[in-house]
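Only heavy atoms go into these numbers, but all of them, side chains included; no hydrogens, no water, no symmetry mates. Residue numbering restarts at 1 for every chain, and letters A, B, ... go by the order of the sequence lines.
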Protein chains: 2
Amino acid sequence: MKIRTAADLGAFIRERRVKLGMDQSDLAEKAGTSRKWIVEVEQGKPRAEIGLVLRTLKTLGVSLDIAVERTQKASAVSEPGNVDINNVLNSLKKRP
Amino acid sequence: MKIRTAADLGAFIRERRVKLGMDQSDLAEKAGTSRKWIVEVEQGKPRAEIGLVLRTLKTLGVSLDIAVERTQKASAVSEPGNVDINNVLNSLKKRP
DNA sequence: TACAAGAGTAACCGAGCGGTGACATTATGT
DNA sequence: ACATAATGTCACCGCTCGGTTACTCTTGTA
């Protein structure tokens, strides 16, 4: 599942927690945080700290994968030795 | 790439930023944050807010995917109608 | 050599986080 | 209906975040 917003994250965490048969207190304790924090995050709090989020996801047996989006990958990422066209254009734009 | 710690995140963000030919100021501006924040995040700050992180990743054309780890998936996730054994065990543990 | 760009760091400050403990509300089960 | 568990919400508070500005240091280039 793709995570685009804090709300996405919260929904996923809640779903996963319930599937594992944990209540908010259980998860809070195992993840080393407070129940209040779990409540807020499940509600989509955008200002939660990534450190706590990562610990919580680990507790839930969940992995976070990061990847370049397919549409951009083609033009932006360069093989070693190739020219990155975006890189070139960007550098040119900076010398008016 | 799997993200397990804030340091992982920071390293990825930096690598991606450089590949796109942006400096820290560019990224900060486009992501709607400050250069200071970019510096800290690239250094692996664990208390950065997920909201800003998500905006930054979007700016970098990167997607975050979340998934149940393979090893746990088999036993923990239940098809609709099946019994989730973890769920059962957990409930039993709660009534001493 | 001199200059500029990029990156790291520092001090300051208001705002909001996250933890605690208590209470209210809503399931869930007997 | 009742008791209990689970969730949501509140007030309080110490602490740190993130933005701003300015300074340093390194690197590369004219």
Side-chain angles (χ1 to χ4, degrees), chain A residues 5-60 83-84 86-96, chain B residues 5-7 9-60 78 80-81 83-84 86-96:
Chain A
T5 68
D8 294 345
L9 216 221
F12 186 94
I13 287 180
R14 171 158 223 154
E15 189 187 337
R16 178 68 180 154
R17 171 178 64 78
V18 172
K19 261 187 188 157
L20 292 180
M22 306 168 73
D23 60 28
Q24 295 173 338
S25 296
D26 295 336
L27 179 53
E29 191 182 5
K30 291 184 182 176
T33 177
S34 67
R35 191 172 71 85
K36 179 198 177 194
W37 187 85
I38 300 288
V39 170
E40 290 171 336
V41 165
E42 289 189 351
Q43 289 173 346
K45 180 178 203 175
R47 304 199 51 175
E49 303 175 0
I50 31 166
L52 295 182
V53 170
L54 290 174
R55 265 158 53 192
T56 303
L57 292 180
K58 183 174 183 179
T59 300
L60 290 173
V83 175
D84 185 332
N86 276 345
N87 203 317
V88 175
L89 292 176
N90 241 299
S91 299
L92 290 177
K93 266 198 304 190
K94 283 177 197 167
R95 309 199 178 250
Chain B
T5 68
L9 216 220
F12 187 94
I13 288 180
R14 172 158 220 155
E15 187 185 335
R16 178 69 179 153
R17 170 178 65 79
V18 172
K19 259 186 189 156
L20 293 180
M22 306 167 75
D23 61 28
Q24 294 172 339
S25 295
D26 294 335
L27 179 53
E29 191 182 5
K30 291 183 183 175
T33 176
S34 68
R35 191 172 71 85
K36 179 198 177 194
W37 187 86
I38 300 288
V39 171
E40 291 172 336
V41 165
E42 289 189 352
Q43 288 174 345
K45 180 177 200 172
R47 304 198 49 174
E49 303 174 359
I50 33 166
L52 294 182
V53 170
L54 290 173
R55 264 158 53 192
T56 303
L57 292 180
K58 183 174 183 178
T59 301
L60 291 172
S78 55
V83 176
D84 185 332
N86 277 344
N87 204 318
V88 175
L89 292 177
N90 242 300
S91 299
L92 289 178
K93 267 199 304 190
K94 283 177 197 166
R95 307 198 181 249

One pair to check against side-chain contact (heavy atoms from CB on, under 4.5 Å): L27(A) and I13(A). What are the steps and the verdict?
CA-CA 10 Å; L27(A) 179 53; I13(A) 287 180; 4.2 Å; yes
I need the [atom1]-[atom2] distance between [X] and [N], as an integer number of Å.
| X | N | atom1 | atom2 | result |
| --- | --- | --- | --- | --- |
| D23(B) | dG8(C) | CG | P | 11 Å |
| L27(A) | dA5(D) | CG | C1' | 17 Å |
| I13(A) | dT7(D) | CD1 | C1' | 16 Å |
| I38(B) | dT9(C) | CD1 | C1' | 16 Å |
| Q24(A) | dT25(C) | CD | P | 18 Å |
| W37(B) | dC17(D) | CH2 | P | 13 Å |

Heavy atoms only: give me the nearest [X]-[Y] pair and the separation to one decimal.
| X | Y | value |
| --- | --- | --- |
| L54(B) | A6(A) | CD1-N, 3.6 Å |
| L60(B) | R16(B) | O-NE, 2.8 Å |
| A31(A) | T59(A) | CA-OG1, 3.5 Å |

Side chains of residues 44-53 of chain A: which donor-acceptor pairs under 3.5 Å do they make with residues two or more places apart or in other chains?
unit_1: K45(A); atom_1: NZ; unit_2: E40(A); atom_2: OE1; d: 3.0
unit_1: R47(A); atom_1: NE; unit_2: E49(B); atom_2: OE1; d: 3.2
unit_1: R47(A); atom_1: NE; unit_2: E49(B); atom_2: OE2; d: 2.7
unit_1: R47(A); atom_1: NH2; unit_2: E49(B); atom_2: OE2; d: 2.5
unit_1: E49(A); atom_1: OE1; unit_2: R47(B); atom_2: NE; d: 3.2
unit_1: E49(A); atom_1: OE2; unit_2: R47(B); atom_2: NE; d: 2.6
unit_1: E49(A); atom_1: OE2; unit_2: R47(B); atom_2: NH2; d: 2.5

Do the side chains of V41(A) and T33(A) get nearer than 4.5 Å, heavy atoms only?
no
Sub-3.5 Å donor-acceptor pair from the side chain of R35(A) to the main-chain atoms of A28(A), do we have one?
no
Does anything in residues 46-57 of chain A reach DNA chain C, meaning a heavy atom under 4.0 Å, and if so which residues?
R47(A), A48(A), E49(A)
Given axes from five pairs at either end, by how many degrees does the helix from dT1(C)-dA30(D) to dT30(C)-dA1(D) bend, rounded to 10°?
50°
Of K45(A) and E42(B), the one whose closest DNA chain C nucleotide lies more 5':
E42(B)
Output one line per pair: protein atom, nucleotide atom from nucleotides 9-11 of chain D, and distance, for all N/O pairs under 3.5 Å.
unit_1: dT9(D); atom_1: OP2; unit_2: Q43(A); atom_2: NE2; d: 2.9

Among residues at least two apart in sequence or on other chains, which ones pass salt bridge (charged side-chain N to carboxylate O under 4.0 Å, His left out) with E15(A)?
K19(A)
Of all residues at least two apart in sequence or in a different chain, which pass the salt bridge (charged side-chain N to carboxylate O under 4.0 Å, His left out) check with R17(A)?
E42(A)
Sugar-phosphate, base or nothing in reach of T33(A), heavy atoms under 4.0 Å:
sugar-phosphate
Residues in side chain to side chain donor-acceptor pair (under 3.5 Å) with T5(A), at least two apart?
D8(A)
side-chain contact (heavy atoms from CB on, under 4.5 Å) assessment of L57(B) paired with L9(B):
CA-CA 10 Å; L57(B) 292 180; L9(B) 216 220; 4.3 Å; yes
